[in-house]
**Q** 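Quick one: the structure is below, questions incoming.
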Amino acid sequence: MCGILGIVGKGPVNQALYDGLTVLQHRGQDAAGIVTVDNGMFHLRKANGLVRDVFHSRHMQRLTGNFGIGHARYPTAGTSSSAEAQPFYVNSPFGIAFAHNGNLTNAHELADEVFRIARRHINTTSDSELLLNIFAHELQSIAGLTLQPDDVFQAVSRVHKKIKGAYAVVAAIIGNGMVAFRDPNGIRPLALGKRQTELGDEYMVASESVALDVVGFSFVRDVAPGEAIYVTEDGQLHTRQCVDNPSHSPCIFEFVYFSRPDSFIDGISVYASRVNMGRKLGQKIAREWADLDIDVVIPIPETSNDIALQIAQELNLPYRQGFVKNRYIGRTFIMPGQTQRRKSVRRKLNAISSEFAGKNVLLVDDSIVRGTTSEQIITMARESGAKRVYFASAAPEIRFPNVYGIDMPSANELIAYGREIDEICELIKADGLIFQDIEDLVEAVREENPQITRFETSVFDGIYITGDVDQEYLNRLDMLRSDNAKQIPQMELCNLEMHNLDSD
Ligand SMILES: O=P(O)(O)OC[C@H]1O[C@H](OP(=O)(O)OP(=O)(O)O)[C@H](O)[C@@H]1O
Ligand SMILES: NC(=O)CC[C@H](N)C(=O)O
Ligand SMILES: [Mg+2]
């Protein structure tokens with residue numbers, strides 16, 4: 001679930017792009033990149049690592065210009081090679097830098113087409129490089145010497161017809177402007193912001209509204225599913241719907257886990273949706289576990305904090321912070337391998353024994369995916385002296401792989417795959433386990449914007465809204481991207497793009 005952003009400003013944008021990326025860091029911890037445009041030239045800095053490690057002052061000084069885009073990566077296709085860090089670049093037409101959040105489900109077929117029809121070479125295994133080349137090819141076949149808004153919108157319409165899957169995209173086109181678009185189902189989020197200055201209006205797009213807040217742009221609206229935004233280098237905004245029948249089915253996992261609580265996505269406060277999840281799950285616990293003697297509700301930091309507080313209120317029980325989070329360790333679920341994920345849980349969370357000693361505790365998490373966190377946390381609670389440990393998950397059982405930008409490629413790695421609740425409970429060694437019902441989860445999020453009638457919920461129900469995902473596809477994905485597959489050493493890919501500002 002990468003983070004993307006772009007700004008067409010009236011003054012230097014390097015610091016704003018950097019600041020925006022730091023607040024989108026929770027969407028991708030593997031690599032970061034910024035491209036700025038200055039005087040008809042691109043300046044690029046990208047590398048593996050966190051935003052604060054990738055950009056040093058010497059890079060920032062050279063990222064000059066009033067227009068640029070940025071990306072924080074969490075790989076869901078290809079490899080973790082630094083050559084697949086984004087933004088990507090092609091020199092024709094015009095010179096395009098490109099950042100993508102999401103995952104294409106027909107990348108396999110497209111790779112062949114890009115070569116056969118467009119005679120374009122792709123030098124990495126990234127679906128985003130493919131997407132860029134498809135966009136560039138369509139733009140090339142439409143545009144004259146100068147790019148008109150119509151050309152941009154026509155190219156995006158053609159791209160929508162060719163590609164399948166989930167995508168929110170931002171591109172910088174030299175000499176022209178910034179293009180951003182969102183897939184026809186609106187699976188991945190994208191927000192538009194504006195700032196008025198004495199020199200004229202500045203525009204910004206970002207995966208989450210929190211990036212607009214922090215950089216000082218006001219939220220204008222969400223980019224609609226299928227819509228494209230074109231902001232010329234001199235700050236003229238053009239927008240157009242580029243598909244005939246858009247549907248709006250945002251990814252529900254953005255609300256469960258991915259997004260920051262202070263973001264609004266598609267008119268929904270992420271925070272409020274989590275509070276609603278807590279209310280619904282609290283009510284279910286009160287109904288089904290009325291005879292349980294729970295003493296205290298304890299969240300598993302960080303994402304579940306708001307959910308657990310609401311559960312405690314519903315149950316009229318004390319809410320206590322029983323675990324302390326090491327603020328220097330990132331999110332464990334989006335780390336690349338199971339060994340690293342396992343080790344990081346223990347490094348990240350430590351128990352305050354007095355909160356557990358002699359008590360029956362209800363631990364709350366937003367979700368149980370591989371079970372890495374829950375199993376270790378329950379052991380820690382017991383070692384700290386808890387009498388009984390009950391566990392509640394604000395998301396239902398996750399039984400199906402994700403193909404739209406969350407790296408859950410293999411059903412076998414999911415703890416709930418092929419298991420009933422009592423089996424999962426036994427595996428994580430809890431005294432009781434309860435999951436949110438899918439209807440309640442959907443309702444918890446929908447309550448905040450009833451106009452949205454459908455969410456992308458495939459990890460819970462196996463229904464893939466793009467209609468192109470079958471068992472053969474899932475088998476291939478498993479073969480390519482399961483944790484076992486990723487352990488096979490891969491050749492480091494070469495970065496054949498424009499000069500990347502030095503890393504020394
Ligand atoms: O069952 P698992 O495979 O362990 O995955 C689920 C856990 O991973 C996430 O936490 P993470 O540490 O990524 O981030 P957080 O600090 O935002 O909660 C999520 O909040 C759950 O705690
Ligand atoms: N999480 C994402 O949005 C990933 C984008 C793209 N598929 C990549 O792997 O780089
Ligand atoms: Mg967590």
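Counting convention: from 1, in listed order, for ligands and their atoms alike.
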**Q** Among the heavy atoms of Ser374, does any lie under 4.0 Å from an atom of ligand 1?
**A**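 Ser374 does not count as a contact of ligand 1 under the 4.0 Å cut-off.
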**Q** Does Phe435 have Lys284 sitting over its ring (NZ/CZ under 6.0 Å from centre, angle to axis within 45°)?
**A**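 Output no; distance or angle outside limits.
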**Q** Checking a contact table here: which protein heavy atom is nearest atom 8 (O) of ligand 1, and how many Å away?
**A**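 That would be Phe333 CB, 3.3 Å.
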**Q** How does Thr303 reach ligand 1, if at all, at less than 4.0 Å between non-hydrogen atoms: by side chain, backbone, both, or neither?
**A**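 Both backbone and side chain.
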**Q** Please confirm whether the backbone N or O of Ser458 pairs with a side-chain atom of Glu456, one donor and one acceptor, at under 3.5 Å?
**A**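 The answer is yes, because a donor-acceptor pair under 3.5 Å joins these two groups.
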**Q** State the atoms of ligand 1, each with its element, that fall below the 4.0 Å cut-off from a heavy-atom position in Ile368.
**A**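 Matching atoms, with element in brackets: 1 (O).
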**Q** Heavy-atom contacts under 4.0 Å between Asp366 and ligand 1: side chain, backbone, both, or neither?
**A**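 The side chain, only.
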**Q** Given Gln310 and Glu314, is the side chain to side chain contact (heavy atoms under 4.5 Å, CB included) satisfied, shown in steps?
**A** CA-CA 6 Å; Gln310 194 57 32; Glu314 285 307 310; 3.5 Å; yes
**Q** Going by distance alone, is a donor N or O of one side chain under 3.5 Å from an acceptor N or O of the other, for Gln86 and Ser128?
**A**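 Note: Gln86 and Ser128 side chains meet the donor-acceptor criterion.
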**Q** Sequence neighbours excluded, which residues qualify as salt bridge (charged side-chain N to carboxylate O under 4.0 Å, His left out) partners of Lys161?
**A**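 With neighbours one apart ignored, the set is empty.
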**Q** Taking 4.0 angstrom as the limit and counting only heavy atoms of Lys348, give me the atoms of ligand 1 inside it, by number and element.
**A**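 Counting from 1, the qualifying ligand atoms are 11 (P), 12 (O), 14 (O), 15 (P), 16 (O).
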**Q** Using distance alone, decide if ligand 1 has a nitrogen or oxygen within less than 3.5 Å of any nitrogen or oxygen in Ile334.
**A**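 For ligand 1, there is no N or O atom that lies under 3.5 Å from one belonging to Ile334.
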**Q** Return the residue, atom name and 0.1 Å-rounded distance of the protein heavy atom closest to atom 6 (C) of ligand 1.
**A**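 The closest heavy atom on the protein side is Ser367 O, 3.5 Å.
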**Q** For a quick check under 3.5 Å, do Tyr74 and His26 share a side-chain donor-acceptor pair by atom type?
**A**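 Looking only at side-chain atoms, His26 and Tyr74 do not form any donor-acceptor pair under 3.5 Å.
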**Q** Got a donor-acceptor contact below 3.5 angstrom from the Arg73 side chain to the Asn101 backbone?
**A**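 Side chain of Arg73 to backbone of Asn101: no pair is present.
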**Q** Tell me if a side-chain donor or acceptor on Thr22 pairs with a main-chain N or O of Asp19 at a distance below 3.5 Å.
**A**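 Confirmed, Thr22 side chain pairs with Asp19 backbone.
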**Q** On a heavy-atom basis, which atom in Val403 and which in Leu474 lie closest, and how many Å separate them?
**A**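 That closest heavy-atom pairing would be CG1-CD2, 3.8 Å.
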**Q** Looking only at heavy atoms, which two atoms of Ala72 and Cys2 are closest? And how far apart?
**A**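 Heavy-atom minimum between the residues: O-CB, 3.1 Å.
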**Q** Checking a contact table here: which protein heavy atom is nearest atom 4 (O) of ligand 1, and how many Å away?
**A**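 Of the protein heavy atoms, Thr373 OG1, 2.6 Å lies nearest.
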**Q** Can you report which non-hydrogen protein atom sits closest to atom 9 (C) of ligand 1, along with the distance?
**A**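 Here the closest protein heavy atom is Tyr257 CE1, 3.3 Å.
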**Q** Sort out the contact shell of ligand 2: every protein residue with a heavy-atom distance below 4.0 Å, listed by chain and number.
**A**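 Near ligand 2, by chain and number: Met1, Cys2, Arg73, Tyr74, Pro75, Thr76, Ala77, Gln86, His100, Asn101, Gly102, Asn103, Asp127, Ser128, Gly405.
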**Q** Which residue pairs pass the ring-ring contact (aromatic ring centres under 6.0 Å, His included) test with at least one member in residues 325-348, sequence neighbours excluded?
**A**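 Counting only pairs at least two positions apart or across chains, the ring-ring contact (aromatic ring centres under 6.0 Å, His included) contacts touching residues 325-348 are Tyr257-Phe333.
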**Q** What is the nearest protein non-hydrogen atom to atom 1 (O) of ligand 1, stated with its residue, atom name and distance?
**A**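 Result for atom 1 (O) of ligand 1: Val369 N, 2.7 Å.
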**Q** Going by the atom numbers of ligand 1, which of them fall below 4.0 Å from some non-hydrogen atom of Thr372?
**A**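 The list of qualifying atoms is 1 (O), 2 (P), 3 (O), 4 (O).
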**Q** Using a 4.0 Å heavy-atom cut-off, say whether Arg341 meets ligand 1 through its side chain, its backbone, both or neither.
**A**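 It is neither part, as no heavy atom is under 4.0 Å.
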**Q** Tell me the side chain to side chain donor-acceptor pair (under 3.5 Å) pairs involving residues 102-113, sequence neighbours left out?
**A**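 Listed by first then second residue: Thr76-Asn103, Thr105-Asp468, Asp112-Arg116.
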**Q** Measure the distance from atom 3 (O) of ligand 1 to every protein heavy atom, then report the residue, atom name and distance (to 0.1 Å) of the closest one.
**A**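 The closest heavy atom on the protein side is Arg370 N, 2.8 Å.
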**Q** Can you tell which of Val364, Asp365, Thr332 gets a heavy atom nearest to atom 21 (C) of ligand 1?
**A**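 Among Val364, Asp365, Thr332, the closest heavy atom to atom 21 (C) of ligand 1 comes from Asp365.
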**Q** Side-chain donor-acceptor pair under 3.5 Å between Thr373 and Arg341, yes or no?
**A**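 On atom types as modelled, these side chains do not qualify, holding no pair under 3.5 Å.
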